[in-house]
Engineer: 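Attaching a single structure in structure tokens format; questions to follow.
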Amino acid sequence: MRKWTPHALLWAVGLLPALIGGVALPSGSFGSASTVLDALGRLAGLGGLGLMLVAAIVSFRIPGFDRLFGGLTSLWRTHHLMGGVAFLLLLGHPLLLALAASAVSLDAALEVLFAGDIATWLGWGALLVMMVFLAPSFEFFGSRDYQRWKSLHKLAGISVMLALTHAFLQASTIPEPWSTLIWAVLALAALTALAYGLLFARRASQYSYTVAEVARPANNVVELSLKPVDRQLRHRAGQFVYLTPCDSKLQAGYREEHPYTLTSSSSEQLLRVAIKDVGDASRAIQSIALGSEVQVMGPYGAFLPAHNHDAELWIAGGIGIAPFLGRARELASRGEAVNIHLIYCVQDEARALFSDELRRLSARIPGFSFAMHYFYRDGPLSSDFVRYHCPDCATRKAYVCGPARLSSLARKVLVANGMPRGHFKSEEFTLL
Ligand SMILES: Cc1cc2nc3c(=O)[nH]c(=O)nc-3n(C[C@H](O)[C@H](O)[C@H](O)COP(=O)(O)OP(=O)(O)OC[C@H]3O[C@@H](n4cnc5c(N)ncnc54)[C@H](O)[C@@H]3O)c2cc1C
């Protein structure tokens, strides 16, 4: 199955009501400019609501489910895109209907927009709430604050309910009983995903750990080793978890969940995460107390392949070394031969995290080699640098983890070296 197929299926389900609506449109719907606008307005409403419901269904974090879609970061990219398209369609819905009615008169257009009945006001309410919870996703409305974004996103439920009630009350383009059936099935799927995510998945995938060790690979990075209180989380190298510190003395981020990639091998008893200080919560956790409790939820993600049968090129930037470190530790414990070359990009030697350990690991893993790329010494990552250290890079599968700028540069460099685009996979430490 191609990696975009599951995502395409989600789009198909979201757009299904519009497709059925298109088939059910009365003949003559495309006879004049105003009937075309009217038909497009109706279809925009159906498409927008369908996509909004599917975006809601996939927004619940259910460990394992995300792997079908290439990991949570990839699934949430689709969720964000769907939410954006749904919003544009729902905004277009009343405007197109009003434009269609304006062919009769301005009063008729205003009557469409502000009919004064409950269904119309519910529709406007849904749009207004949607604007409020989507606004923090765009930098236009100020710097993106994750916690603000997350709190406001909870309003999405209200918007979905208002929009659904609007659809149930309005005369539908899709004939009954199909209209009720379609919306009821999609609404039920969203409710089931919500209930499963909150009641079952949360309990089944949440684990209690205590901080057993705090290592300091650099002055702005800690690596926490976590010991299970009872149940132990099982994971694959390269996956990530949501970590909630329960140390009430923390200056920030107390009981706030943040995603961190596991740096431990899947065979270790302790879980490890390396955390770089970039904001309030990640700065405060640098001084977390030994023995304090943390809640761990997951695992999520499908960045690295399950096995290393192919020749691979890993490119890491800064703290983006985390998934590769976990996999290298795992390979060293298995003693399996591989064909992997790692290019680790940092600004200078002082910022090269775990470089001594990587050197030791490369001596222990047959077929694993690595080169450091120092920005201040070597400049931006270039085709020549990559070809010099990895002459057969074009025939390898590439995995890149680091800042977005590094991912796009690495993609350009590798494609310029002849790597097919499908051989390139990246993970960025951002979900917004
Ligand atoms: C899949 C994934 C894996 C990650 N792995 C690591 C890792 O191994 N090591 C590491 O140091 N960092 C990792 N991060 C980044 C880490 O989650 C953020 O640095 C941390 O959440 C910042 O929180 P803050 O309050 O300190 O900073 P802020 O200043 O609040 O935020 C800094 C950035 O992190 C994002 N962010 C903040 N809170 C969250 C949250 N709860 N969920 C998602 N994004 C958030 C913000 O959008 C912003 O872009 C990972 C992120 C993702 C998405």
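Any value given below was found using the heavy atoms of this structure, including those in side chains, with hydrogens, waters and symmetry copies removed. If you read the sequence from its start, that first residue is 1, and numbering goes on from there. In listed order, ligands and their atoms are each counted from 1.
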Engineer: Find all atoms of ligand 1 within a distance of less than 4.0 Å from any non-hydrogen atom belonging to Ala322, and give their numbers and elements.
Structural biologist: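 Here the atoms of ligand 1 in question are 8 (O).
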
Engineer: Heavy atom of Val278 under 4.0 Å from ligand 1?
Structural biologist: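 A heavy atom of Val278 does come that close to ligand 1.
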
Engineer: Between Ala252 and ligand 1, which part of the residue brings a heavy atom under 4.0 Å of the ligand: side chain, backbone, both or neither?
Structural biologist: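 None of Ala252 does.
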
Engineer: Got a list of side-chain donor-acceptor pairs under 3.5 Å for residues 323-337, not counting sequence neighbours?
Structural biologist:
unit_1, atom_1, unit_2, atom_2, d
Arg327, NH1, Pro305, O, 3.1
Arg327, NH1, Asn308, OD1, 2.8
Arg327, NH2, Pro305, O, 2.9
Arg329, NE, Glu357, OE2, 2.8
Arg329, NH1, Glu223, OE2, 2.8
Arg329, NH1, Thr263, O, 3.0
Arg329, NH2, Glu223, OE1, 3.3
Arg329, NH2, Glu357, OE1, 2.8
Arg329, NH2, Glu357, OE2, 3.4
Glu330, OE1, Ser266, N, 3.0
Glu330, OE1, Ser266, OG, 2.7
Glu330, OE2, Arg334, NH2, 2.7
Ser333, OG, Glu330, O, 2.7
Arg334, NH1, Glu336, OE1, 2.7
Arg334, NH1, Glu336, OE2, 3.1

Engineer: Please could you name the atoms of ligand 1 that Lys276 approaches to less than 4.0 Å, counting only its heavy atoms?
Structural biologist: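 Contacts of ligand 1 toward Lys276, numbered from 1: 10 (C), 11 (O).
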
Engineer: Do NZ/NE/NH1/NH2 and the carboxylate oxygens of Arg360 and Asp356 come within less than 4.0 Å?
Structural biologist: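 No salt bridge links Arg360 with Asp356.
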
Engineer: Could you walk me through whether Lys150 and Glu256 pass the salt bridge (Lys or Arg N to Asp or Glu O under 4.0 Å) check?
Structural biologist: CA-CA 11 Å; Lys150 196 173 153 189; Glu256 210 177 271; over 6 Å; no

Engineer: Report yes if Thr73 has an N/O atom closer than 3.5 Å to an N/O atom of ligand 1; otherwise report no.
Structural biologist: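 In fact, backbone or side chain, Thr73 has no N or O that close.
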
Engineer: I'd like to check which ligand 1 atoms, numbered from 1 as shown, lie under 4.0 Å from a non-hydrogen atom of Ser282.
Structural biologist: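 Answer, ordered by atom number: 24 (P), 26 (O).
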
Engineer: Using the ring of Phe370 (Phe, Tyr or Trp, six-membered ring only), decide whether Arg359 places NZ or CZ under 6.0 Å from its centre and within 45 degrees of its axis.
Structural biologist: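 Judged by the rule, Arg359 and Phe370 form no cation-pi pair.
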
Engineer: With sequence neighbours excluded, give me every ring pair (Phe, Tyr, Trp, His ring centres under 6.0 Å) pair touching residues 179-201.
Structural biologist: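 Every pair satisfying ring pair (Phe, Tyr, Trp, His ring centres under 6.0 Å) with a residue in residues 179-201: Tyr196-Phe200.
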
Engineer: What atoms of ligand 1 come within less than 4.0 Å of a heavy atom belonging to Ile275?
Structural biologist: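 So the atoms of ligand 1 that pass are 11 (O).
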
Engineer: For Glu257, take its heavy atoms, then give the atoms of ligand 1 lying under 4.0 Å from any of them.
Structural biologist: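 The list of qualifying atoms is 41 (N).
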
Engineer: Sort out for me which residue in Leu243, Leu226, Val294 forms a side-chain contact (heavy atoms from CB on, under 4.5 Å) with Leu271.
Structural biologist: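 Per the side-chain contact (heavy atoms from CB on, under 4.5 Å) rule, the option paired with Leu271 is Leu226, out of Leu243, Leu226, Val294.
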
Engineer: Just which atoms of ligand 1 are under 4.0 Å from any heavy atom in Ile319?
Structural biologist: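 This gives 9 (N), 10 (C), 11 (O) as the contact atoms.
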
Engineer: Of Tyr242, Phe429, Tyr260, which has the heavy atom at the shortest distance from atom 51 (C) of ligand 1?
Structural biologist: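 Considering heavy atoms of Tyr242, Phe429, Tyr260, the nearest to atom 51 (C) of ligand 1 sits in Phe429.
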
Engineer: Please determine whether a side-chain nitrogen of the Lys or Arg among Glu293 and Arg255 lies less than 4.0 Å from a carboxylate oxygen of the Asp or Glu.
Structural biologist: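 The answer is no: the pair does not qualify as a salt bridge.
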
Engineer: Any idea which atoms of ligand 1 are less than 4.0 Å away from a heavy-atom of Phe240?
Structural biologist: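 The atoms of ligand 1 under 4.0 Å from a heavy atom of Phe240 are 1 (C).
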
Engineer: Counting each atom of ligand 1 from 1 as listed, which ones have a heavy atom of Thr261 under 4.0 Å away?
Structural biologist: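 Those of ligand 1 that fall under 4.0 Å from Thr261 are 3 (C), 4 (C), 5 (N), 6 (C), 7 (C), 8 (O).
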
Engineer: If you count heavy atoms of other groups shown closer than 6.0 angstrom to CZ of Arg421, is the number above 12?
Structural biologist: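 Counting other residues, nucleotides and ligands, CZ of Arg421 stays at 12 neighbours or fewer.
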
